[in-house]
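Structure first, then comments.
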Amino acid sequence: MASSISSRVESDADDDFTDEHEHFDDFTIASSWERFISDIEATCRLWMADGPKNLLEKGAVLLENSKNSYKVKSEMKYSMKTYCMEYYFETNSDGKPVDWNSSFHDLQLCFGVKEFLVITPQSASGVILDAPEASKLLSAVAIALSNCSSLWPAFVPVHDPSRKAYIGIQNMGTVFTRRFEADRIGSQVPVKLMHLEGLYDLFVSKFAYSALDLSTQLFKVQFAMKLTYRTLPYDDNNIEDVDAQNTKSGENLTAETSNGTLWDNDCSWSEWYSAEDPVKGFELISIWSEKMIESSMEMAELENASPHEAEKWLISPSFAPNLLECSKGNQFGFASQLHLLVDALEMSFEAQFMEDFVSVENSGSDNLKSSLVIPPPTVRDRVLKELFHQEVQLTDFVHGGDKSSQAIKGAPLESLFAQFCLHSLWFGSCNIRAIAVLWVEFVREVRWCWEESQPLPRMPANGSIDLSTCLINQKLQMLALCIERQCVLNEDYDDCTGSEDQRDSISEEESVVRDEDDPFNTQINSEDFSGKVDSFPTAGDLHHSGGKPEDVDLLIDKKPSDCTRRGSAGIVESMMLLKSYESMHAPYTQEAPLMTEDMHEERLQAVEAFGDSFNFSGQLERDILTSDMSAFKAANPDSIFEDFIRWHSPGDWVEDELEVEKSKDNWPPRGRLSKRMSESGNLWRNIWNSTPALPASEQKPFLDPNREGEKVLHYLETLKPHQLLEQMVCTAFRAAADTLNQTSYGELKQMMTKMQQLYLTIAPALKPLQVNRLSADSETFEDLRRLCIVFEHVEKLLTTAASLHRKLLRAPRLSREIFSDFYNFYIPRMGTGFIEDTVKKEFDKKQIAWNHEREVLSDMFVPPSANQSWRKVLSMGNLLNGHEPILREIIFSLHDRVNGNHYAAGSSNVSQHEIESYRMYICGTSNDLRVALSVVSCD
């Protein structure tokens, strides 16, 4: 028993001993300081193991204004404080800091590093103000990086945030260590440090052992410099200077002298609004790279050197701040007014007639009683005067314009209705009341032109009605033709109603001469004709020609009946009359009746109602056939019904092929009428039998100008508000796009393509407005508002293209390249119409200027005038036409050779290697100087 108890006690003792000694305490991280270093080391090892590719997949953030620089971050705690450690890296290693790549991070340019760490406290400023704390923090990072054999440089911000001061360290994998320090002088920069010679001495003093060395020794220092110049802002005060720059070689920016002060005076949209110049100026960068300097005297000479001696010139534009702002609520130009017009369309359903909107008291709508103001009568009268009382040169644009715009069912740009729509955009605030007032007065002016038989302005009174345009434009075309016809009838009436003495004084001889000159009333005796005609117009050429022949009617057969022939347009080749064996004559016929789109629709509906097309669909078709028969009888007095069918409807004349072969030279030709034409009681034959022989000149015209003119006025006066606004929206979009399309912007292919895309976008978006099925709650309104946003983006691109073309007319390549860069920058940020603030970045793309383009760019820097005394007069040298650089950046570097055995232990390579032992980056002006120094030391 005792033995058993003893063994159990020993066993328990052994277990206690085992538990006590199995626990392991790691004294290397016993303190919070050591645990902090361990956390930094673990994070760095994780980032090193992942590499750039995996870090991108894990959500590395792209740096602003950079294409291939990213960062990742991690948080850690030490002594009740939280720190953020960020790792910056690049996806490729192309380029060097000396290339002045604008996408470099600030520390990359200051110290010439590629990838690096930055550790900062999580505080309001993010800067360590306590120097001991900064040193301790940097030591922790350096130890952690050394433990994981990393060569990343590490930086810690110090001092006040405005100083942009850093300290840093880098283990170079050898006995060498690189230390970094950067600071800034915000004011009262010493005069010596404004000049290159003083800056050179500052750099040399970092490694010269004494003042004697500084003054007597020659050091081979590598030097690179970047100077940034900025043109004076392009505003209304110096636009004349801009004209002077670009006309230096005898050329004007717009091929004509600008008398105004606004930059867009000669642009196509300037009649309607003035756009803010999107290009506020240019920055010119001249670069000297990798030049070897051996004395301060060389630096003094370099300070007096012209920027034209630089190896490279770069140019970049400065754009207006609002060019990339969110579009919502910040529209300009046509886009903003089109948006208001869409709002007016939405409100147009609230009344039945346009007059109801003129007086708010007559309307029950609360919306109309709000703030829909009407411009004063003086403004209205000025608009009407511009529309109706100014002489306008009608161009070919009225008859079609750009082919792409014809797909939009509106009105040609210079037409009366298109100009009314454009004026409406700027009449007051383009609200429904203002539009109603202008429309009522517009219709009154149109009626005055009709009643006074005055030509309708901006509307051609010849040609046919363009059915591809909107119905209002078609109606105005019809009215213009009616006014013209009415004037002709009035002139004819005045000629026919002269005094009795005047009528009696007309001699019989003069009457004969008038008859001979009238091709519509020709009487020719066959005995006076003995000539032969080689060729004559065919029936297809002469039917419905409406023209007048240049030759007198010619006859082949000499028949007494020929003396009554009237209204002949010429012989129909190889066709003769069946009864009299005479040559068939094609008659002059009346022109086809002019009809608007709604008239055509009425005819189609009538055809569908009557069914068989052989039975006439309406009185108009019967009148046309009767007119043609009368004219044919007058031109062919001995003709019969079969002759008319052979000429007018050859398909209804059936020839027997066998009989034709047997009697090729016999007359008459063997044939017969078709079945439908030979039926008993045929309507065509009945019309033929009852139709008198009258030439077209003596027939009643198809178009009754008085009746059709009054119908047009009735349509305009009773037009529903939403029907008017629908056509106004379509026409306004088309006219605005056509106006912008006249802008001169050089050979910018992207802009040409964008304008064509705009037309292709507008046409289908406006289709719902053309079917007259729009309702007050339709989703089409939101589609139209989105279309306004698309229009705004194109408008901004166009104004930018025009501004660049204007300013770089003598350097077209630069204009194309800069616009291409801006276009590629802008388009992806358009999205669905908004440039979100979260993705908005400042455009910072630069183009290399070729040698022959430097003179053009230099001329842009007009010497400062006396009234520009506000400019700060600097003292840094390197003047460009009297302009000091707004920023000067310099890199000094010194390289030393070291033996290879200074590198990693065990290396068998003992050859010499060159390292950058000293590097100084200097950036600033006479009032702001920043200096960053890196020094390699042997520990």
Check side chain to side chain contact (heavy atoms under 4.5 Å, CB included) between Asp343 and all other residues, then give those that pass, not counting sequence neighbours. His339, Leu340, Arg785
State, to 0.1 Å, how close Arg566 and Ala693 come at their nearest heavy-atom pair, and which atoms those are. NH2-O, 3.1 Å
I need the Phe632 CZ to His648 NE2 distance, nearest 0.5 Å. 10.0 Å
Donor-acceptor contact present, side-chain Ser627 to main-chain Ile624, <3.5 Å: no
Glu717 and Arg447 ion-paired at < 4.0 Å: yes
Does the Lys NZ or Arg CZ of Lys720 fall within the cation-pi geometry relative to Phe353 - under 6.0 Å from the ring centre and within 45° of the axis? yes
Taking the six-membered ring for Trp and the single ring otherwise, decide whether the centroids of Trp688 and Phe644 are under 6.0 Å apart. yes
Any side-chain to backbone donor/acceptor pair from Asn473 onto Gly410? Under 3.5 Å, distance only. no
Residues passing the salt bridge (Lys or Arg N to Asp or Glu O under 4.0 Å) test with Lys475, sequence neighbours excluded, are Asp598
Intermediate values then yes/no, side chain to side chain contact (heavy atoms under 4.5 Å, CB included), Trp450 and Cys482: CA-CA 9 Å; Trp450 164 248; Cys482 290; 3.8 Å; yes
Return yes if some donor-acceptor pair links the side-chain N/O of Lys633 with the main-chain N/O of Leu694 below 3.5 Å, else return no. no
Looking only at non-hydrogen atoms, find the nearest pair between Ser453 and Cys487 and report the distance. O-SG, 3.5 Å
Tell me whether the rings of Phe442 and Phe420 are parallel (<30°), tilted (30 to 60°) or perpendicular (>60°). tilted
Hey, does Lys409 have a side-chain heavy atom less than 4.5 Å from the side chain of Cys730? no
Determine, stepwise, if the pair Asn706 / Gln486 fulfils side chain to side chain donor-acceptor pair (under 3.5 Å). CA-CA 7 Å; Asn706 291 324; Gln486 195 178 49; 2.7 Å; yes
Is there a donor-acceptor pair under 3.5 Å between the side chain of Gln590 and the backbone N or O of Lys700? yes
Basic-acidic side-chain contact under 4.0 Å: Glu642, Arg685: yes
Testing the basics here: between Asp623 and Phe702, what is the closest heavy-atom pair and its distance to 0.1 Å? O-CE2, 3.6 Å
CG (Leu422) and CZ (Phe417) are apart, to the nearest 0.5 Å, by 10.5 Å
Tell me whether Ser649 contacts the main-chain N or O of Ile645 through its side chain, where contact means a donor paired with an acceptor under 3.5 Å. no
Value rounded to 0.5 Å, distance of NE2 in His585 from CH2 in Trp647: 13.0 Å
Are a donor atom and an acceptor atom from the side chains of Thr691 and Ser630 found within less than 3.5 Å of each other? no
Test side-chain contact (heavy atoms from CB on, under 4.5 Å), reference Leu784, set Leu338, Leu769, Leu341, output is Leu769
Parallel, tilted or perpendicular: rings of Phe349 and His722 (30°, 60°): parallel
Given side chain to side chain contact (heavy atoms under 4.5 Å, CB included), test Asp466 with Gln477 step by step and report yes or no. CA-CA 8 Å; Asp466 188 357; Gln477 281 184 308; 3.9 Å; yes
So, the side chain of Asp652 versus the backbone of Leu673: is there a donor-acceptor pair under 3.5 Å, distance only? no
Begin from the C-alpha positions of Arg485 and Glu708 and carry the test salt bridge (Lys or Arg N to Asp or Glu O under 4.0 Å) through to its verdict. CA-CA 11 Å; Arg485 299 285 175 88; Glu708 295 299 332; over 6 Å; no
